[in-house]
Structures are given as structure tokens and as C-alpha cells.
Amino acid sequence: VFVLFILSSIVCLRAYRGKKYFRVFLTEAPFIILVYLFLFRFLPDDLYVLSEPWVEPSPLADFWNGTFILGVLFFVFWNTMYAAFLTGFASEVLVRLFYERETGLSLEALEEGFRGKEEIDHILAWRLPNLLKNRYLVADGERFRLTPRGRTVAQFALFLKRIFHLEEGG
């Protein structure tokens, strides 16, 4: 069921034309839970592969255990993969620097690219030092460049964005 959730996320996000990607999740999660309910009802308790000690004797406990595990998997997927890699601020900085790998970017260029409604985005004030401290970036004079570690994370984020068909900026 979880694999179906990931595959349907890819299809739904490719079809979705808005910017509020969490709406896809809010629409998709109840549908996937209904699929789980249907499969739970019609598949045998042992799923044709489990031995007797692995089968939960109480169908009600079995259903709620499965629902709990599915909920945890939803949370882990959307919180970690989606929020961190697909739309996360730090991954956006790494992706932007990945495209500028030859020249790097100055602090001013980064601030300009990520400026919010205020004069300077306060997220940049603490995220950039963390990226430097954790060796995703290196300061090269007045410019910032990706380290091999940062390049790997940026490439992974770009790979996920291509799979989920998200535009630049998440």
C-alpha cells in the first residue's frame, strides 16, 4: 500500500498545477487508507506468506496496527522526503549552488534569490551557517561553493524533483 502511495504521489504531483503541494497529500492519504481498508478486508490474514506465529489473532488489532504503521510511513515520507528534499529551504540553496558550480554565489546573490517579504530573509541568517558548519558549503573568499557532500545532496534533491515533477523552488 505504501508503494502505491509513493507511485500515486508521483502521478498526482505531475498532474497538479498549483503551488500548495500539501493539498495533494491531504487528498491522497484518505484514498490510500480506503485502499488499505479494501485490501485488509479481502486479503487473507497470512497474506499468503506469513507463518502462524506472525499472524495477529485479533483482526481489529491487526487492522489498527496496519493503519498505525501506514500513518507513520506517510508521516516519514512527507516530512522527510517532501519537506526536506522537495521543498526545503536548505536543499533549494544547495540546488541553486549546484547550478552555479563553476563560479559559486556571493552572499548578496543568495540573499537576493531567497529574499522574503522583508528586506532580508531571516531563515538565511541561520541556515547558511548550518550548511557551512555541516560541510555542505565552503566559503571561497566572498563566494560560496558546494562541497562534494553538498553536491551529492543537491543532486539527490534534483533527482527527486524530476521524479515528482516539481518546478524550481519546490
Can you name the nearest heavy-atom pair linking [X] to [Y], along with the distance?
X	Y	value
Ser8	Ile32	OG-CD1, 3.8 Å
Ala61	Glu56	CB-OE2, 3.9 Å
Arg149	Asn134	NH1-O, 2.8 Å
Leu26	Pro30	O-CD, 3.1 Å

Worked check of side chain to side chain contact (heavy atoms under 4.5 Å, CB included) between Val24 and Ser9: CA-CA 8 Å; Val24 173; Ser9 292; 5.8 Å; no
Should Tyr99 and Val95 count as side-chain neighbours, where that means a heavy-atom distance under 4.5 Å? yes
Got Asp62 and Phe40 here, is their nearest side-chain heavy-atom distance under 4.5 Å?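 Of all side-chain heavy-atom pairs linking Phe40 with Asp62, at least one is under 4.5 Å.
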Identify the residue among Phe68, Phe75, Phe74 that makes a side-chain contact (heavy atoms from CB on, under 4.5 Å) with Val72.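 The option that passes is Phe68.
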From the options Thr147, Leu105, Leu94, select the one residue that forms a side-chain contact (heavy atoms from CB on, under 4.5 Å) with Leu137. Leu94
Side chain to side chain contact (heavy atoms under 4.5 Å, CB included) between Ser58 and Phe63: does it pass, once the steps are laid out? CA-CA 9 Å; Ser58 167; Phe63 172 77; over 6 Å; no
Between the main-chain N or O of [Y] and the side-chain N or O of [X], is there a donor-acceptor pair closer than 3.5 Å?
X	Y	answer
Tyr36	Phe2	no
Arg145	Val138	no
Arg162	Ala157	no

same_hphob_cluster([X], [Y]) at 4.5 Å side-chain heavy-atom cutoff:
X	Y	result
Leu43	Phe38	yes
Leu60	Val55	yes
Leu4	Val11	no
Val1	Leu7	no

[atom1]-[atom2] distance between [X] and [Y], expressed to the nearest 0.5 angstrom:
X	Y	atom1	atom2	result
Glu28	Arg23	CD	CZ	15.5 Å
Glu142	Ser106	CD	OG	8.0 Å
Leu37	Thr67	CG	OG1	8.0 Å
Arg14	Ile163	CZ	CD1	8.5 Å
Leu47	Leu39	CG	CG	9.5 Å

Please step through side chain to side chain contact (heavy atoms under 4.5 Å, CB included) for the pair Leu97 and Tyr136, ending with a clear verdict. CA-CA 10 Å; Leu97 284 165; Tyr136 292 104; over 6 Å; no
Going through the checks in order, is the side chain to side chain contact (heavy atoms under 4.5 Å, CB included) test met by Trp78 and Phe5? CA-CA 11 Å; Trp78 278 89; Phe5 172 67; 2.6 Å; yes
Around atom CZ of Arg135, are there more than 12 heavy atoms of other residues, nucleotides or ligands at under 6.0 Å?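 No - once you tally the heavy atoms of other residues, nucleotides and ligands closer than 6.0 Å, there are 12 at most.
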